[in-house]
Asker: 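One structure is given below, represented as structure tokens, and several questions about it will come after.
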Amino acid sequence: MGLRSYINRLCLAIILLGIAVSFALFIYIRDSERKDAEYTLQLAADKHYHALHAEGDLLEKVLQGIASLYDASSAVERDEFAIFVRDIALRHHYIKAVMWLPRIDGDPPAYPVQFVEPETLRASLAGLDFGDDTALAARLQQARQEQRLLTIADPPAADDQAMQVVKLFLPVQSSQNESVSGFVLLLLDFDEFIDAALTHRVRADSILDISLFEATNNRLLLHHPANPHSRRTPGPAARPGDYQRPLQILGQEWLISVRPVPGQFPSGDSLIPWFTLLGCLAITFLVAGVINSNMSRRNYAEAQVREHTRALRKSEERLAQLYDIISSNLDFSSKTRQLLAYGCH
């Protein structure tokens with residue numbers, strides 16, 4: 001009974017230890033996979049981040065180049081503006097329009113469209129004055145005083161195929177002619193801007209969905225899926241598994257949220273930890289079963305040996321008793337013969 005109890009306690013200890021080691025190994029492998037997936041996602045996301053940042057810096061230099069046209073001249077004619085800007089628009093296809101908005105003093109000041117490239121937009125923009133919008137005029141005035149780039153992103157259009165427009169207003173003050181003052185306005189297709197950044201600087205088979213939010217109000221501005229042929233509809237809101245990072249480009253702070261495409265990126269939730277757990281548990285119960293079986297067989301063998309030993313001892317005792325009886329009978333017969341022989345004499 002004592003040995004049986006010892007075997008049971010030993011097997012129970014092996015099973016508990018095996019379960020503990022199995023789950024510890026399961027957690028370690030699962031956490032390692034998730035950390036590796038997070039690190040891989042972060043590396044891929046950083047490539048997208050740096051690509052967008054570099055393209056934004058390039059675009060700001062383009063704006064500064066257009067502004068330098070006014071800084072270097074006392075007056076800029078329409079043809080001069082068109083020739084200078086046309087080449088820029090051809091090299092950067094996401095620039096859909098470039099305008100010159102001279103500042104006309106008033107209360108509030110006016111910012112009408114004087115020059116526009118391409119010229120085909122002139123008729124549709126005739127009479128447009130950005131100073132008519134009081135809120136926009138106040139922001140333009142602040143940007144002019146601070147000499148900084150003003151970026152305004154239009155709300156996402158209801159039409160999935162519509163262009164996501166971002167307006168860039170760069171204040172200009174000519175050093176040659178103080179009367180030349182205003183803004184260079186660029187209209188961007190923001191979706192094509194991201195395409196250009198990622199196409200030139202990130203491998204073509206991107207496996208990440210990108211969402212851009214305005215940092216000031218966390219408004220989703222653009223969802224750029226990994227598949228360029230899919231519809232450019234806003235994706236779901238940011239979730240804890242996404243990699244997010246602030247992005248300072250085009251004079252504004254954005255929030256870039258990167259999400260791996262399911263099935264094309266290591267998720268960190270493979271079946272390897274589960275297979276490891278099941279394998280360790282199976283080995284644990286197998287070892288416990290083998291030990292229990294061997295100990296039981298040993299216990300049975302020892303019991304059989306003890307039983308046979310007792311049987312042999314009993315046989316020896318019976319044999320000894322039989323020998324004593326036979327010896328006593330033989331001794332009695334010898335004495336009887338002696339007495340008979342004496343009586344005859």
Side-chain angles (χ1 to χ4, degrees), residues 56-57 59-89 92 94-157 163-190 193 214-217 219 221 248-254:
D57 289 344
L59 186 55
E60 290 189 29
K61 292 179 181 178
V62 169
L63 270 170
Q64 294 292 343
I66 299 174
S68 66
L69 174 67
Y70 285 89
D71 186 59
S73 304
S74 57
V76 178
E77 300 297 330
R78 185 186 306 279
D79 292 343
E80 185 181 2
F81 177 84
I83 292 172
F84 188 85
V85 169
R86 189 175 298 126
D87 180 62
I88 293 175
H92 305 278
Y94 50 78
I95 299 178
K96 298 306 178 183
V98 183
M99 307 178 201
W100 167 244
L101 313 177
R103 183 178 187 273
I104 300 176
D105 292 334
D107 188 19
Y111 296 97
V113 178
Q114 184 179 22
F115 302 148
V116 60
E117 180 62 33
E119 186 67 23
T120 53
L121 297 177
R122 181 169 182 80
S124 61
L125 297 175
L128 177 61
D129 183 359
F130 286 89
D132 292 340
D133 187 337
T134 306
L136 177 58
R139 297 182 66 181
L140 291 174
Q141 181 63 19
Q142 183 178 2
R144 180 173 176 271
Q145 291 174 354
E146 298 174 358
Q147 286 297 299
R148 63 173 178 82
L149 176 65
L150 174 63
T151 302
I152 298 177
D154 291 349
M163 179 175 63
Q164 175 60 56
V165 178
V166 173
K167 303 183 184 75
L168 304 179
F169 296 86
L170 181 66
V172 175
Q173 178 63 56
S174 175
S175 59
Q176 304 294 326
N177 187 349
E178 294 183 358
S179 64
V180 177
S181 175
F183 284 87
V184 174
L185 169 59
L186 261 64
L187 295 184
L188 303 182
D189 184 334
F190 208 42
F193 167 79
E214 289 185 290
T216 54
N217 53 17
R219 175 170 66 98
L221 177 66
Q248 183 75 34
I249 57 170
L250 306 179
Q252 183 170 328
E253 184 173 355
W254 315 81

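In this text the structure is predicted, and so the values were computed from the model without any measurement.
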Asker: In the structure I gave you, are the side-chain heavy atoms of Leu188 and Leu168 within less than 4.5 Å of one another anywhere?
Answerer: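 Counting from C-beta outward, Leu188 and Leu168 do come under 4.5 Å.
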Asker: Less than 4.5 Å apart, side chain to side chain, heavy atoms only: is that true for Gln252 and Trp254?
Answerer: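 Yes, side chains in contact.
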Asker: Looking only at heavy atoms, which two atoms of Pro102 and Pro112 are closest? And how far apart?
Answerer: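 Shortest heavy-atom contact: CD-O, 3.2 Å.
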Asker: Using side-chain heavy atoms (C-beta onward) and a distance below 4.5 Å, is Leu59 in contact with His92?
Answerer: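 Result no, sub-4.5 Å side-chain heavy-atom pair not found.
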Asker: What class does the angle between the rings of Phe81 and Phe115 fall in, given that below 30° is parallel, 30 to 60° is tilted and above 60° is perpendicular?
Answerer: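 Ring orientation, 0 to 90° scale: tilted.
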Asker: Could you tell me which non-hydrogen atom of Asp189 sits nearest to which non-hydrogen atom of Lys96, and how far apart they are?
Answerer: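 It is CB-CE, 3.7 Å.
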Asker: In the structure I gave you, are the side-chain heavy atoms of Val184 and Met99 within less than 4.5 Å of one another anywhere?
Answerer: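 Side-chain contact under 4.5 Å: no.
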Asker: For the CD atom on Gln147, are there more than 12 heavy atoms of other groups (residues, nucleotides or ligands in this structure) within a distance under 6.0 Å?
Answerer: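 Yes.
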Asker: Ignoring hydrogens and angles, tell me if any N or O in the side chain of Arg122 forms a donor-acceptor pair with the backbone of Gln114 under 3.5 Å.
Answerer: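 The answer is yes, because a donor-acceptor pair under 3.5 Å joins these two groups.
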Asker: Show the nearest heavy-atom pair for residues Arg139 and Leu150, with the distance to one decimal.
Answerer: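 In terms of heavy atoms, the two residues are closest at NH2-CD1, 3.6 Å.
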Asker: What about Phe169 and Phe130, are their ring centers closer than 6.0 Å?
Answerer: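 Ring-ring flag for Phe169/Phe130: true, centres closer than 6.0 Å.
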Asker: Begin with the C-alpha distance, continue with both residues' side-chain angles, and end with the deciding distance and a verdict on side-chain contact (heavy atoms from CB on, under 4.5 Å) for Val165 and Leu187.
Answerer: CA-CA 7 Å; Val165 178; Leu187 295 184; 4.3 Å; yes
Asker: Could you state the interatomic distance from CG (Asp57) to CD (Gln248), rounded to the nearest 0.5 Å?
Answerer: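 It is 10.5 Å, given to the nearest 0.5 Å.
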Asker: How many angstroms lie between CD1 in Ile83 and CD in Glu117, if you round to the nearest 0.5 Å?
Answerer: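 That separation rounds to 10.0 Å.
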Asker: Can you name the nearest heavy-atom pair linking Val166 to Ala153, along with the distance?
Answerer: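 Residues Val166 and Ala153, closest heavy atoms: CG2-CB, 4.1 Å.
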Asker: Tell me which one of Thr151, Val98, Leu250 satisfies side chain to side chain contact (heavy atoms under 4.5 Å, CB included) with Leu186.
Answerer: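 Going through the options one by one, the only one that passes is Val98.
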Asker: Would you name the heavy atoms of Tyr111 and Leu140 that are closest together and state the gap between them?
Answerer: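 Looks like CD1-CD1, 3.9 Å.
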Asker: Given the rule in the side-chain contact (heavy atoms from CB on, under 4.5 Å) test, do Trp100 and Val113 qualify, once you have shown the distances and angles that lead to the verdict?
Answerer: CA-CA 6 Å; Trp100 167 244; Val113 178; over 6 Å; no
Asker: Can you name the closest pair of heavy atoms from Ala97 and Leu121 and give their distance?
Answerer: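 Result for this residue pair: CB-CD1, 3.6 Å.
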Asker: Please test Leu101 against Asp129 for side-chain contact (heavy atoms from CB on, under 4.5 Å), starting from the C-alpha separation and ending with a verdict.
Answerer: CA-CA 8 Å; Leu101 313 177; Asp129 183 359; over 6 Å; no
Asker: Side chains of Glu146 and Gln142: donor-acceptor distance under 3.5 Å anywhere?
Answerer: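 The answer is yes; a qualifying pair exists.
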